[in-house]
Amino acid sequence: MPTPALSEPDVAAGSAAPGSAAAGPAAPSRRELNKAATRHAITEAALGLLRSNGPGNFTVEDIADAAGISRRTFFNYFSSTEAVIASVTHGFLDTALQQFRLRPADEPILESARAALVELADPMTVAPLAELYSLGQSNPQLNRSELEAWDHCTAEIIDAARVRFAQGAGVEVDELYLRALAGSVISCGKAAMDLWFARCEGSLSPASLSTLRQLLIDSMSLLGSGFSSPAAAPAATAAPSPDRF
C-alpha cells in the first residue's frame, strides 16, 4: 500500500475569526512558528515509528530521539505516544472547523458542515485520517485510540455548534440538540470511512482519497436532508481500482 507523507494538517498559522476575513489572519510570531515546527517534528517522528515499528512498539524516548528533542520538550507538547497519534485526527477536524467558522452565521448548520468539507479541495487533506483509519483496522490498540480521538472531536463539534447558534439566533440551544447533532455528524463521518475502506481497501492513491473526500461530503448531505429517502441519496463517487490514479 503506497504511503504518502502522513502529517498533521498545518493549523499553526493564525486563522481569522468569524466575520473578520476582510482583515486577514494575523501573522504568527516567531515563537508560534517555532512551536508549530517542533510539534510537526514530533508528529512526523511518531508517525514514522508507527509505520516502521507498529502501534505500541515505540516509546516517548524513541519519538524524542527521532525528532531531535529532549524527553522534557516532548511533554511540553503531548502527554503520551497515543496523544501524538490522536493529534492527526484532531488536526483534520481543526482544519475543517476553521472552514466551518468562516461560513455565514445564518446558514443552516449542516450546510455549513458540508461546505466546509468542500473547501478542503485537495484530497491529500484526508490522507492522514485515511492512513490512521486503515492501520487501525488491523490493530485493536490503535483502533481504540482512534475511537478516543473521535470522542474528542465530538466535544469540539458541540462547542463549535454552540457558538454558531449563539451568533445566528442569539439564543441558548438545548444541550440534547447539540449532543445529538454532534453525535450524528461523527457517526456519518465514520460511516463514510467504513464504506471507503470496504470499497478502496485502504488505498492511499489520489483517486481513492478523492473518493473518501466525496463520501464525507455526501454523508453530510444525507444528514442535512434528514435521510429523506434512499432514492434521494447523493450519488457517491464510484470506487476506483486501488492502483488507478
Side-chain angles (χ1 to χ4, degrees), residues 1-16 18 21 24-25 27-28 33 36-37 39-41 43-44 46-48 50-51 84-103 107 110-136 146 149-150 153 156-157 160 185-186 188-197 199-224 234-245:
M1 182 176 70
T3 55
L6 189 162
S7 60
E8 188 180 20
D10 183 9
V11 296
S15 57
L33 291 172
R39 183 181 177 89
H40 180 75
T43 305
E44 285 294 294
L47 293 172
L50 178 65
R51 292 191 191 104
V84 182
I85 304 303
S87 71
V88 174
T89 302
H90 300 168
F92 172 80
L93 179 69
D94 288 344
T95 303
L97 285 177
Q98 283 185 30
Q99 295 299 327
F100 173 82
R101 294 183 182 110
L102 294 174
R103 304 299 303 175
E107 184 177 58
L110 290 172
E111 173 56 27
S112 292
R114 189 198 67 82
L117 291 171
V118 170
E119 286 298 316
L120 304 180
D122 183 359
M124 289 305 294
T125 59
V126 299
L129 196 68
E131 186 172 356
L132 279 186
Y133 183 89
S134 298
L135 290 170
E146 276 294 281
W150 282 106
C153 291
E156 292 191 25
I157 293 172
V185 168
I186 290 295
C188 285
K190 289 180 179 178
M193 298 290 293
D194 288 342
L195 184 55
W196 165 77
F197 188 79
R199 286 182 175 180
C200 300
E201 301 176 346
S203 167
L204 299 178
S205 70
S208 175
L209 295 174
S210 292
T211 294
L212 174 56
R213 173 180 172 272
Q214 189 61 49
L215 286 169
L216 289 168
I217 292 170
D218 290 348
S219 70
M220 291 302 103
S221 296
L222 286 171
L223 186 57
T237 307
S241 166
D243 297 323
R244 194 177 76 206
F245 283 69

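None of the values given here were measured: they were computed from a predicted structure. Hydrogens, waters and symmetry mates play no part in the numbers below; they use all other heavy atoms, side chains included.
Under the 4.5 Å side-chain criterion, counting only non-hydrogen atoms from C-beta, T95 is not in contact with Q99. Side-chain contact between L132 and L50: present, with at least one pair of heavy atoms (C-beta onward) separated by less than 4.5 Å. Put simply, the side chain of L209 does not reach to within 4.5 Å of the side chain of T125, judged on heavy atoms. With a 4.5 Å cut-off on side-chain heavy atoms, T43 and S87 count as touching. Residues L93 and L129 fail the side-chain proximity criterion, which asks for heavy atoms closer than 4.5 Å.
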Determine all donor-acceptor pairs shorter than 3.5 Å in which one atom belongs to a side chain in residues 113-121; sequence neighbours excluded.
unit_1	atom_1	unit_2	atom_2	d
R114	NE	E111	OE1	3.3
R114	NH2	E111	OE2	3.0

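When every heavy atom of W196 is checked against every heavy atom of S134, the shortest pair comes out as CH2-OG, 3.4 Å. What you find for G189 and L216 is that their closest heavy atoms are O-CD2, 3.8 Å. Here the closest non-hydrogen pair linking P123 and S210 is CG-OG, 3.2 Å. For the pair A130 and L204, the tightest heavy-atom approach, listed with the atom from each and the gap, is CB-CD2, 3.8 Å.
For the atom pair S208 OG and F197 CZ, the distance stands at 10.0 Å (nearest 0.5 Å). Atom-to-atom distance recorded for L212:CG and I217:CD1 is 10.0 Å, nearest 0.5 angstrom. In this structure, L222 CG and C188 SG are separated by 7.0 Å, a value rounded to the nearest 0.5 Å. In this structure, E107 CD and F100 CZ are separated by 8.5 Å, a value rounded to the nearest 0.5 Å. Atom SG of C153 and atom CG of L97 lie 8.0 Å apart (nearest 0.5 Å). A distance of 10.0 Å separates CE of M193 from CG of L215, quoted to the nearest 0.5 Å.
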Can you check side-chain contact (heavy atoms from CB on, under 4.5 Å) on L135 and E146, steps first, answer last?
-> CA-CA 10 Å; L135 290 170; E146 276 294 281; over 6 Å; no

